[in-house]
Amino acid sequence: MKLAVPTDFDILEALSDGRRNTAVNLSYILDRNRSYINTRLPILADYGLLDRVGPAPNSGLYEITEKGKIVAGHRDQYRTEGVDFDELVESKLRARTDEQTGE
């Protein structure tokens, strides 16, 4: 995954509280251009870091996924020499899934 630094991490951190939010609110919270936030949210959803949620199908409401929380929590390791960030995230996600299923 190719993330826009620092914006994508800032979006994930803003949603890490578990609350749902929209592009207009996030642009205000992060003091970023709304149209730019609007372009990043679907990309983060495509990576599985955010879910687009209702109540209406096109409401523009997003929430962070478990994978998104892992990415946000490992921000300092993105672009670190010798770290395969995608593999790190996937291994942490597998470990978390195993914990939840009791394996």
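Side chains are part of it too, since the values below use all heavy atoms of this structure and drop only hydrogens, waters and symmetry mates.
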Atom pairs and distances, donor-acceptor, side-chain atoms in residues 45-55, under 3.5 Å, two or more places apart:
unit_1: Y47; atom_1: OH; unit_2: K2; atom_2: N; d: 3.2
unit_1: Y47; atom_1: OH; unit_2: K2; atom_2: O; d: 3.2

When you check the gap from the basic side-chain N to the acidic O, do R19 and E63 get nearer than 4.0 Å?
no

Answer whether the closest heavy-atom distance between the side chains of [X] and [Y] falls below 4.5 Å.
{"X": "R96", "Y": "S91", "answer": "no"}
{"X": "L12", "Y": "R75", "answer": "no"}
{"X": "V89", "Y": "H74", "answer": "no"}
{"X": "T65", "Y": "I70", "answer": "no"}
{"X": "K67", "Y": "K92", "answer": "no"}

Taking all atoms of both residues into account, what is the closest heavy-atom pair of [X] and [Y], and its distance?
{"X": "A23", "Y": "L41", "value": "CB-CD1, 3.6 Å"}
{"X": "N38", "Y": "P42", "value": "O-CD, 3.0 Å"}
{"X": "R20", "Y": "L15", "value": "C-CD2, 4.4 Å"}
{"X": "Y78", "Y": "V5", "value": "CE2-CG2, 3.6 Å"}

Should L61 and L44 be counted in the same cluster of Ile, Leu, Val, Met, Phe, Trp and Tyr side chains packed under 4.5 Å apart?
no

Run the side-chain contact (heavy atoms from CB on, under 4.5 Å) test against A4 and tell me which residues pass, sequence neighbours left out.
D8, Y36, R40

Around atom CG of D31, are there more than 12 heavy atoms of other residues, nucleotides or ligands at under 6.0 Å?
no

Check the pair I29, N21 against side chain to side chain contact (heavy atoms under 4.5 Å, CB included), reporting the backbone distance first and the verdict last.
CA-CA 10 Å; I29 291 166; N21 223 326; 3.7 Å; yes

For the atom pair [atom1] ([X]) and [atom2] ([Y]), what is the distance rounded to the nearest 0.5 Å?
{"X": "L26", "Y": "R32", "atom1": "CG", "atom2": "CZ", "value": "11.0 Å"}
{"X": "S16", "Y": "I64", "atom1": "OG", "atom2": "CD1", "value": "3.5 Å"}
{"X": "T97", "Y": "E66", "atom1": "OG1", "atom2": "CD", "value": "7.5 Å"}

Go through the steps for V71 and L3 under the test side chain to side chain contact (heavy atoms under 4.5 Å, CB included), then give the verdict.
CA-CA 10 Å; V71 168; L3 300 174; 3.9 Å; yes

Strictly distance-based, threshold 3.5 Å: is any side-chain N or O of T80 a donor or acceptor partner for the main-chain N or O of V83?
no

